[in-house]
2 protein chains.
Amino acid sequence: MSKAEQNPANGEHDRDFSVMFAALGDPTRLAIFDRLADGKPRSISVLSDDADMTRQAVTKHLRVLEGAGLVQSHKVGRESQYAFCPEQLAQARAYLDQVAGRWETALMRLKTFVEGDDS
Amino acid sequence: MSKAEQNPANGEHDRDFSVMFAALGDPTRLAIFDRLADGKPRSISVLSDDADMTRQAVTKHLRVLEGAGLVQSHKVGRESQYAFCPEQLAQARAYLDQVAGRWETALMRLKTFVEGDDS
DNA sequence: ATTAAATGCAACCAGGAGGTTGCTTTATGT
DNA sequence: ACATAAAGCAACCTCCTGGTTGCATTTAAT
């Protein structure tokens, strides 16, 4: 859309955030992310154990989450542990806060206008 | 997965939020949403004018956003105006805040533990 | 009344997402 | 040394998503 297209930086901006939101936009992935929010790293097997899908499927989801920066993995021995990664979450929160802020200030302006504050 | 599956309410919980995140998980849609955050309702034509895609495509995106409750539409005359809808955004923010909160308390607990607070 | 604008509807299409199966590789435990 | 557990890789399949085109409908403007 224009406002994003006209400002090239904003386009990339949107794309970056959309990647993260897309990562959270799948119920399975959101559940995994939610589960990891207790800080405890978990192996793929552990995360797959009580899932109603294959280990490979879970692996793919974890890769997506990692690609979005929402989760980090490091191999320990033969297993790879996935752990919560708070930076991107903070980014997401900041973005939503910013949007909400724009909305609220716009609402304020409208309110004072409609109240006849024509000073 | 399990923790969500075992608690049926939590499963629905995740699904609901995932719908909203999925709606924001497309760069085009995120750009539209971002643009509408100034409070001004816009018609489909206006939103399509400077988009690099068909009006139909934009319409579909708007329907998705509306389905997620992020945007509301009402017909005025021959055109349908789409406007920002802040409630769901607030929900999303609250959810992310809650997740971040869980993470931080977990971090706290770990820190006090590792500091040898074995009282 | 006619023309033009704004939208809706439906069919269609290519590609990617989510998932599976089968096999290989790399560590662990005994 | 050997069996087993954890994970990686690759091919494959199905279905949904993002996008298109073509035509019909409703409303506004002249």
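By convention in this document, chain letters (A, B, ...) are assigned in the order of the sequence lines, proteins followed by strands, and residues within each chain are numbered from 1. Since the model is a prediction, treat every value here as computed from it, not as a measurement.
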Worksheet item: Quick one: does Trp103(A)'s side chain get under 4.5 Å of Val99(A)'s, heavy atoms only?
Response: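 Contact flag for Trp103(A)/Val99(A) side chains = no.
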Legend entry - Thr54(B) side chain near dT20(D) phosphate (N/O to OP1/OP2, under 4.0 Å):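 Affirmative; the distance criterion is met.
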To the nearest Å, give me how far apart [atom1] ([X]) and [atom2] ([N]) are.
X        : N       : atom1 : atom2 : answer
Asp26(B) : dA17(C) : CG    : P     : 12 Å
Tyr82(A) : dG8(D)  : OH    : C1'   : 10 Å
Asp49(B) : dA6(C)  : CG    : C1'   : 11 Å
His74(A) : dA6(D)  : NE2   : P     : 17 Å
Leu62(A) : dA6(D)  : CG    : P     : 15 Å
Leu30(A) : dA17(C) : CG    : P     : 18 Å
Ile44(B) : dT25(D) : CD1   : C1'   : 14 Å
Gln81(B) : dA5(C)  : CD    : C1'   : 14 Å

Tyr82(B)/Val58(B) under side-chain contact (heavy atoms from CB on, under 4.5 Å): CA gap, chis, key distance, verdict | CA-CA 11 Å; Tyr82(B) 280 80; Val58(B) 174; over 6 Å; no
(Q) Do Val46(A) and Leu62(A) land in one hydrophobic cluster if side-chain heavy atoms of ILVMFWY residues count as linked below 4.5 Å? (A) no
### Task
Hey, which sits more toward the 5' end of DNA chain D by its nearest nucleotide, Lys75(B) or Gln56(A)?
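It is Gln56(A) whose nearest nucleotide is closer to the 5' end.
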Candidate nucleotides [options], ranked by approach to the side chain of [X] - the nearest:
X        : options                  : result
Ala57(B) : dG19(C), dG8(C), dG19(D) : dG19(D)
Arg63(B) : dG8(C), dT20(D), dT27(D) : dG8(C)
Lys60(A) : dG18(C), dG18(D), dA6(C) : dG18(C)

task = Run the numbers on His74(B) and Gln81(B) for side-chain contact (heavy atoms from CB on, under 4.5 Å), then give the verdict.
result = CA-CA 6 Å; His74(B) 74 284; Gln81(B) 305 267 104; 4.1 Å; yes
Practice problem: Using only heavy-atom distances, decide whether a donor-acceptor pair under 3.5 angstrom links the side-chain of Arg55(B) to the base of dG8(C). | Solution: yes
Whether the side chain of Arg78(A) and the base of dA7(D) hold a donor-acceptor pair under 3.5 Å is what I'd like checked. no
Result for 5'-nearest mapping on DNA chain C, choosing between Glu79(A) and His61(A), is His61(A)
The residue, Gly25(A) or Ser43(B), whose nearest nucleotide of DNA chain C is more 5′ is Ser43(B)
(Q) Any salt bridge linking Lys60(A) with Asp26(A)? Criterion: basic side-chain nitrogen under 4.0 Å from a carboxylate oxygen. (A)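 No.
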